[in-house]
Structures are given as structure tokens and as C-alpha cells.
Colleague: 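I have a structure I would like to understand better, so I am pasting it below and will then ask my questions one at a time.
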Amino acid sequence: MKDILDAIQSKDATSADFAALPLPDSYRAITVHKDETEMFAGLETRDKDPRKSIHLDEVPVPELGPGEALVAVMASSVNYNSVWTSIFEPLSTFGFLERYGRTNELAKRHDLPYHIIGSDLAGVVLRTGPGVNAWKPGDEVVAHCLSVELESSDGHNDTMLDPEQRIWGFETNFGGLAEIALVKSNQLMPKPAHLSWEEAAAPGLVNSTAYRQLVSRNGAGMKQGDNVLIWGASGGLGSYATQFALAGGANPICVVSSPQKAEICRSMGAEAIIDRNAEGYRFWKDERTQDPKEWKRFGKRIRELTGGEDIDIVFEHPGRETFGASVYVTRKGGTITTCASTSGYLHEYDNRYLWMSLKRIIGSHFANYREAWEANRLIAKGKIHPTLSKVYSLQDTGQAAYDVHRNLHQGKVGVLCLAPEEGLGVRDQETRAKHIDAINRFRNV
Ligand SMILES: C/C=C/C(=O)SCCNC(=O)CCNC(=O)[C@H](O)C(C)(C)COP(=O)(O)OP(=O)(O)OC[C@H]1O[C@@H](n2cnc3c(N)ncnc32)[C@H](O)[C@@H]1OP(=O)(O)O
Ligand SMILES: NC(=O)C1=CN([C@@H]2O[C@H](COP(=O)(O)OP(=O)(O)OC[C@H]3O[C@@H](n4cnc5c(N)ncnc54)[C@H](OP(=O)(O)O)[C@@H]3O)[C@@H](O)[C@H]2O)C=CC1
């Protein structure tokens with residue numbers, strides 16, 4: 001592994017040098033274990049501690065198949081899907097690996113008693129499998145997390161609709177929180193040259209998801225002037241949704257839960273900010289009963305901030321806790337676009353406010369190949385910036401996932417895999433200098 005790292009850090013290693021480097025037999029990876037899936041049985045969700053289920057193991061390098069690449073991972077990031085994996089909710093991810101393993105001979109590799117997790121990476125291609133021509137050893141890359149087989153016509157217009165669509169490192173094995181990862185070569189995209197490894201690894205999953213959910217015509221198709229209600233506006237998804245709204249000439253109404261988070265949104269350029277904690281919204285009177293008066297109070301606050309206008313697009317992901325309010329505050333003909341249900345997936349809302357006012361609910365999930373590429377292009381061009389706040393070592397991934405689970409973090413949390421320190425891998429200092437304040441906006445807040 002040391003030779004691989006030396007080659008990455010040397011300025012003159014060629015593709016042939018990388019191709020000639022021997023692969024190690026094994027590497028360090030963040031895993032959860034199949035024989036521990038019941039370890040949190042009976043506990044409340046918030047009491048399930050990722051630090052107990054997440055392990056750092058030495059694992060064998062997987063066999064490389066056609067159309068695939070092995071990548072030396074310099075840095076990765078923690079996504080909420082790794083929190084779900086680590087607390088075995090809503091399902092153990094080993095069921096996904098078993099199901100994938102049954103599909104074909106090569107996919108059997110994924111069905112193991114350990115799951116190497118992680119759905120983001122920035123690193124360097126080490127080997128490519130048969131049929132891969134666009135990428136070669138030595139290429140500096142990021143990887144998006146869409147794994148598809150594309151053997152069915154269902155996914156040929158929109159690759160997210162492939163019946164064999166999986167999220168890499170969640171529904172497949174050999175993910176990015178490791179020193180080496182296995183991806184399909186179509187997941188690879190050029191690493192933005194003005195970013196360090198850990199900065200480049202931070203946006204991928206959430207940036208692509210926010211792009212489809214908010215900007216793409218497959219999602220809400222946001223346009224100039226739209227009022228966009230963004231829950232968790234300084235969190236993983238929300239920090240990119242806020243940037244897309246601002247860059248696209250829309251008007252973000254940012255919901256956060258502390259003055260520090262409000263300040264971050266303000267510094268991004270948002271003006272309409274609601275501190276849900278300070279304003280004490282209680283959309284549920286008890287576990288079963290919502291309080292429409294609280295929806296109305298929330299809607300009045302939005303009208304104060306918009307000069308009397310209602311919401312064109314709600315960027316939803318908290319789910320059960322907020323969904324009733326989200327449907328209520330949307331304007332006639334407006335859109336609620338949802339990609340998650342962090343607080344509970346059985347939503348309740350008053351359907352009269354949906355049909356009588358001709359509103360629409362759109363389900364959105366990650367991004368298709370092209371949307372992921374377009375989202376990465378915006379990062380590479382310095383139009384959208386990473387929102388990296390804190391960086392952990394690979395062995396402290398459990399703590400990083402704990403922070404995200406307990407909402408102690410801001411923006412995105414990074415993890416150094418092979419990179420020995422932060423700040424390495426920047427190839428374009430000039431572009432970086434232009435955007436340095438925006439790149440560092442979330443650091444250590
Ligand atoms: C990029 C990052 C993203 C995120 O972070 S997202 C957040 C994290 N993700 C999650 O929380 C989602 C986790 N996944 C799940 O909870 C489950 O994954 C799903 C609920 C999405 C699906 O559940 P399942 O059990 O896998 O699927 P089924 O469709 O309920 O059951 C499969 C069986 O049901 C049959 N079936 C499907 N549709 C129908 C139908 N319309 N009528 C009758 N049967 C149906 C199938 O064929 C199959 O059958 P057979 O078991 O025999 O193979
Ligand atoms: N389908 C898909 O493709 C994707 C789905 N997801 C899912 O989206 C969800 C959010 O992911 P991500 O943004 O990365 O997570 P983060 O934890 O980084 O951010 C979520 C933010 O939402 C806010 N929030 C959390 N709970 C509530 C609540 N009960 N009411 C109101 N606001 C709340 C918090 O902000 P504050 O406290 O400041 O209000 C929090 O910071 C997860 O469930 C994840 O699995 C994520 C990416 C892709």
C-alpha cells in the first residue's frame with residue numbers, strides 16, 4: 001500500500017507505473033458484520049450507537065470483473081445511508097447483498113459476512129477490467145454511487161429506473177470507506193482539480209441527489225424566482241439544495257435548528273431563515289395527532305419572509321415529522337419533492353390541501369448517470385462548493401457516523417482513507433484561490 005501511496009504523491013508517476021504496481025492481497029476497510037445485525041434489538045433509534053457496530057477490518061482485495069475498476073481511495077465521506085447501515089435500519093443491508101448475490105455469478109462476490117460501506121470516494125484508478133477504455137491506471141477520479149446493470153430497457157431513458165438499480169456501498173459491497181474500492185467504471189468522473197482529496201470526496205452523493213430532486217426535470221425542475229423551502233438547509237443534502245437555489249435565481253427559505261446553522265446559511269447568501277428550534281414548532285401534538293394550527297403558524301412565518309408568498313417547491317427529507325406541514329405550506333400548483341424519511345417513513349398529511357390546491361408530490365432518489373455527471377461538473381467549475389466541516393481518520397469513522405446520527409455535524413463530514421493528511425491532491429491552485437472562502441465556509445464551525 002505504501003508503494004501505491006508513494007506513486008499517488010509523486011509528481012511524475014505515469015499510467016504505466018501505476019499499472020505495474022503490484023496490488024496488495026488485503027486492505028483496511030470500514031465494515032459492519034452480519035452476525036451483529038441484532039445487536040441493537042429493542043433499543044430506540046437514537047440510542048443505537050454506530051461506534052459499536054462499525055469496525056475497521058483487514059479484508060481481501062475483490063476480484064475485478066468486466067466493466068469495473070479498482071480505485072485507491074484517498075478520501076471518502078460519511079453519508080446518512082452509512083448511518084442506516086450501521087444501525088441496521090430500516091433493514092439490515094445484508095439482505096440487499098444476498099439478493100444481489102443471487103442475480104449472477106460475478107455478483108456473488110458481494111454476498112459476504114461483512115459489508116464494506118461508503119458511497120463516496122476521491123482517489124486514483126489502480127486497475128480496470130476488460131471493456132474499460134475511458135479510464136486507465138493513474139487517473140484521478142471521484143465516483144458516484146449509482147450501480148446499474150442496464151440490461152433492461154426500463155432504465156435506458158433514465159438510468160435510475162433500471163430494475164437492477166443499487167446504491168454502491170449500501171446495496172452493494174466494496175464501498176468507499178476503505179483504502180481500496182471496487183466500482184463500475186461508469187461511476188467514475190474526473191476529480192475536480194482545485195479541491196483536495198477530502199473536499200472532492202464530500203459532495204458526490206448529496207450534491208447529485210439535490211441536483212435531481214430540485215433542479216432536474218426528473219425532480220422539481222426549479223426555475224428563477226421560485227420560493228424553495230429547504231429543510232435541514234445546512235445539512236448534507238440541504239447545504240447543496242441551498243446553493244442550487246441561490247445559483248439558479250430562486251429564493252431559498254432555509255430551515256435550521258440553531259443560530260450557528262442560521263449563520264452558515266446567511267453566509268452562503270440566503271436571507272430567509274427559520275430556526276425551527278428557536279421558534280418552537282410542534283407539528284405533532286402527540287405521536288398520532290398533528291396540529292394544523294402549527295402548520296398555519298409556520299406558513300405565516302414563511303409569508304412574513306417572502307412578502308406574502310407561499311412555497312413553490314418543498315425540498316423534503318425529514319419525513320413524518322414535517323411532511324404534513326410541507327404539504328400545507330406549498331402554494332396552489334406547487335411541488336413537494338421527497339427523497340427520504342429520516343424521522344419516520346409512514347407520512348400523514350391532509351389530502352384536501354393536496355388535491356383541492358392541485359399540488360404534486362414527487363419521489364426522487366439519487367441521480368441518473370447524466371445528472372451525477374452534471375452535478376460533478378458544477379463542482380469542477382466552481383459554481384457549487386463542497387460543504388466539508390470536519391475530517392476524521394478511517395479508524396474514527398464510527399465516531400463520524402455517530403455525529404451524523406445525532407445531528408452534531410454541519411454540512412458534510414469527511415474521512416481520510418489513504419491520504420496521510422488533509423489538504424493534499426490540489427492540482428489547480430489558481431481556481432482554488434478564486435473560491436477559497438466558499439470552499440472553507442463550513443470548516444470547523
Ligand atoms: C443515495 C442514498 C440514499 C439514501 O440514503 S435513501 C435512505 C436509506 N434507504 C432506505 O431507508 C431504504 C431501505 N430499503 C427498504 O426499506 C426496502 O428495500 C424497500 C421498502 C424500498 C423495498 O422493500 P423490499 O422488501 O425490498 O421490496 P418489496 O417490493 O416490498 O418486496 C419484494 C417482493 O415483493 C414483490 N413485489 C414488488 N412489487 C409488487 C407489487 N406491486 N405487487 C406484488 N408483489 C410485488 C417483488 O416481486 C418481490 O417478490 P419476491 O420476494 O418473491 O422476489
Ligand atoms: N434518496 C436519496 O437519494 C438520498 C436520501 N438521503 C436521506 O436523506 C436524509 C438526510 O440526509 P442528509 O441531508 O445527508 O443528512 P444530514 O443529517 O446531514 O442533514 C439532515 C438535516 O435535516 C434536519 N432534520 C433532521 N431531522 C429533522 C426533523 N425531525 N425535522 C426537521 N428537520 C430535521 C437537520 O437539520 P436542522 O437540525 O438544522 O434542522 C439535519 O441536519 C437521510 O435520511 C438520508 O438517508 C440522503 C441522500 C440521498
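Both counts, for ligands and for their atoms, begin at 1 and track the order of listing. Since this is a predicted model, take the numbers as computed values, not measurements.
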Colleague: Please state which part of Val206 comes within less than 4.0 Å of ligand 2, counting heavy atoms only: side chain, backbone, both or neither.
Modeller: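 It is the side chain that touches ligand 2; the backbone stays farther off.
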Colleague: Check each atom of ligand 2 against the heavy atoms of Gly236 and keep those under 4.0 Å away; list them by number with element.
Modeller: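 Checking each atom against Gly236, I get 13 (O), 14 (O), 16 (P), 18 (O), 19 (O).
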Colleague: Ignoring hydrogens, just give me the one of Ser77, Ala262, Pro318 whose non-hydrogen atom is nearest atom 28 (C) of ligand 2.
Modeller: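 Nearest option to atom 28 (C) of ligand 2, by heavy atoms: Pro318.
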Colleague: Check whether any N or O atom of Val404, backbone or side chain, sits under 3.5 Å from an N or O atom of ligand 2, and answer yes or no.
Modeller: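 Not met; the criterion fails.
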Colleague: Determine, using ring centers only, whether Phe298 and Phe283 are less than 6.0 Å apart.
Modeller: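 Centroid separation for Phe283 and Phe298: below 6.0 Å.
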Colleague: Taking 4.0 angstrom as the limit and counting only heavy atoms of Lys261, give me the atoms of ligand 2 inside it, by number and element.
Modeller: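 Taking each heavy atom of Lys261 in turn, ligand 2 has 35 (O), 36 (P), 37 (O), 38 (O), 41 (O) under 4.0 Å.
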Colleague: Output the list of atoms in ligand 2 that are nearer than 4.0 Å to some heavy atom of His409, sorted by atom number.
Modeller: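 Near His409, meaning under 4.0 Å from one of its heavy atoms, ligand 2 has 16 (P), 17 (O), 18 (O).
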Colleague: Using a strict 4.0 Å threshold on nitrogen-to-oxygen distance, state whether Asp226 and Lys223 make a salt bridge.
Modeller: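 Looking at Asp226 and Lys223, the cut-off is met.
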Colleague: Between ligand 1 and the protein, which N/O pairs fall short of 3.5 Å?
Modeller:
unit_1, atom_1, unit_2, atom_2, d
ligand 1, 26 (O), Arg99, NH1, 3.1
ligand 1, 26 (O), Arg99, NH2, 3.1

Colleague: Is the shortest N/O to N/O distance between Ser234 and ligand 2 below 3.5 Å?
Modeller: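 N/O-N/O distance under 3.5 Å: no.
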Colleague: Short list, please: which atoms of ligand 2 are under 4.0 Å from a heavy atom of Thr322?
Modeller: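 With Thr322 as reference, the close atoms of ligand 2 come out as 30 (N), 31 (C).
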Colleague: Can you name the residues that form a side-chain contact (heavy atoms from CB on, under 4.5 Å) with Asp158, not counting sequence neighbours?
Modeller: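 Partners of Asp158 by the side-chain contact (heavy atoms from CB on, under 4.5 Å) criterion, ordered by chain and then number, come out as Met160, Leu161, Arg212, Asn218, Asn368.
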Colleague: With a heavy-atom distance limit of 4.0 Å, tell me whether Glu321 approaches ligand 2 through its side chain, its backbone, both, or neither.
Modeller: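 It is the side chain that gets close, since no backbone atom is under 4.0 Å.
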Colleague: When Leu177 is tested against each of Ser119, Ser82, Ser77 for side-chain contact (heavy atoms from CB on, under 4.5 Å), which residue passes?
Modeller: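 The option that passes is Ser82.
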Colleague: Heavy-atom pairs closer than 4.0 Å: do any link ligand 2 to the side chain of Lys412, the backbone, both, or neither?
Modeller: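 Lys412 to ligand 2: no contact under 4.0 Å from either part.
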Colleague: Has ligand 2 got any nitrogen or oxygen that is less than 3.5 angstrom from a nitrogen or oxygen of Ser257?
Modeller: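 Yes, there is a polar N/O contact under 3.5 Å.
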Colleague: Any N or O on Trp231 sitting closer than 3.5 Å to an N or O of ligand 2?
Modeller: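 Min N/O separation from ligand 2 is not below 3.5 Å for Trp231.
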Colleague: Test of understanding: given a 4.0 Å heavy-atom threshold, classify the contact between Val83 and ligand 2 as side chain, backbone, both, or neither.
Modeller: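 Neither; nothing of Val83 gets under 4.0 Å from ligand 2.
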Colleague: Would you say the rings of Tyr80 and Trp84 are close, in the sense that their centroids are separated by under 6.0 Å?
Modeller: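 For Trp84 and Tyr80, the ring centres are under 6.0 Å apart.
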Colleague: Applying a heavy-atom cut-off of 4.0 Å, say which part of Thr209 lies close to ligand 2: side chain, backbone, both or neither.
Modeller: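 It is the side chain that touches ligand 2; the backbone stays farther off.
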Colleague: Is a side-chain donor-acceptor pair under 3.5 Å present for Trp284 with Glu294?
Modeller: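 Their side chains do not contain a donor-acceptor pair, so the 3.5 Å distance test is not met.
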Colleague: Tell me whether the centres of the aromatic rings in Tyr240 and Tyr211 are closer together than 6.0 Å.
Modeller: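 Not close enough - the centres of the two rings lie 6.0 Å or further apart.
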Colleague: Any idea which atoms of ligand 2 are less than 4.0 Å away from a heavy-atom of Phe366?
Modeller: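 Going through ligand 2 atom by atom, the ones under 4.0 Å from Phe366 are 2 (C), 3 (O).
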Colleague: Taking side-chain contact (heavy atoms from CB on, under 4.5 Å) as the criterion, tell me which of Leu237, Ile274, Val255 meets it with Trp231.
Modeller: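 For Trp231, the side-chain contact (heavy atoms from CB on, under 4.5 Å) test succeeds with only one of Leu237, Ile274, Val255, which is Val255.
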Colleague: Run the contact test for Asn407 against ligand 2 with a 4.0 Å cut-off on heavy atoms, strictly below, and give the result.
Modeller: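 In this structure, Asn407 qualifies as a contact of ligand 2 - some heavy atom is under 4.0 Å.
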Colleague: Mark up the atoms of ligand 2 that fall under 4.0 Å of a heavy atom belonging to Leu205, in ascending order.
Modeller: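 The atoms of ligand 2 under 4.0 Å from a heavy atom of Leu205 are 47 (C), 48 (C).
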Colleague: If we set the cut-off at 4.0 Å for heavy atoms, which region of Asn79 has an atom near ligand 2: side chain, backbone, both, or neither?
Modeller: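 Near ligand 2, Asn79 shows nothing, with every heavy atom at 4.0 Å or more.
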Colleague: Who are the salt bridge (Lys or Arg N to Asp or Glu O under 4.0 Å) partners of Arg282, not counting sequence neighbours?
Modeller: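 Counting only residues at least two positions away or on another chain, Arg282 forms no salt bridge (Lys or Arg N to Asp or Glu O under 4.0 Å).
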Colleague: Tell me whether Thr31 contacts the main-chain N or O of His115 through its side chain, where contact means a donor paired with an acceptor under 3.5 Å.
Modeller: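 No, because the side chain of Thr31 does not come within donor-acceptor range (under 3.5 Å) of the backbone of His115.
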Colleague: After noting the C-alpha distance and the side-chain angles of Arg441 and Ser267, does the key distance pass the side-chain hydrogen bond (donor to acceptor under 3.5 Å, both in side chains) rule?
Modeller: CA-CA 8 Å; Arg441 177 163 288 127; Ser267 80; 3.2 Å; yes
Colleague: Answer yes if the ring centres of Tyr369 and His144 are under 6.0 angstrom apart, and no otherwise.
Modeller: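 Here the rings of His144 and Tyr369 have centres that are less than 6.0 Å from each other.
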Colleague: As a check for students: among Gln213, His317, His365, identify the option with a heavy atom nearest to atom 20 (C) of ligand 2.
Modeller: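 Among Gln213, His317, His365, the closest heavy atom to atom 20 (C) of ligand 2 belongs to His317.
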Colleague: If you count the atoms of ligand 2 from 1 in the order shown, which ones are under 4.0 Å from a heavy atom of Gly232?
Modeller: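 It comes down to these atoms of ligand 2: 21 (C), 22 (O), 23 (C), 35 (O).
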Colleague: Could you list which atoms of ligand 2 come closer than 4.0 Å to a heavy atom of Val256?
Modeller: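 Every atom of ligand 2 under 4.0 Å from some heavy atom of Val256: 38 (O), 39 (O).
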Colleague: Using the salt bridge (Lys or Arg N to Asp or Glu O under 4.0 Å) criterion, which residues pair with Glu309? Sequence neighbours excluded.
Modeller: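 Checked Glu309 against salt bridge (Lys or Arg N to Asp or Glu O under 4.0 Å); zero matches.
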Colleague: Would Glu164 and Arg166 pass as an ion pair if we require N to O under 4.0 Å?
Modeller: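 Salt bridge present between Glu164 and Arg166.
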Colleague: If you apply the rule side chain to side chain contact (heavy atoms under 4.5 Å, CB included), what do you find for His317 with Thr338, and how did you get there?
Modeller: CA-CA 6 Å; His317 51 87; Thr338 173; 5.9 Å; no
Colleague: On a heavy-atom basis, I'd like to know which of Ser341, Ala340, Ala210, Ser326 is closest to atom 8 (O) of ligand 2.
Modeller: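 Looking at heavy atoms only, Ala340 sits closest to atom 8 (O) of ligand 2.
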Colleague: Do the ring centers of Tyr100 and His110 come within less than 6.0 Å of each other?
Modeller: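 Ring-ring flag for Tyr100/His110: true, centres closer than 6.0 Å.
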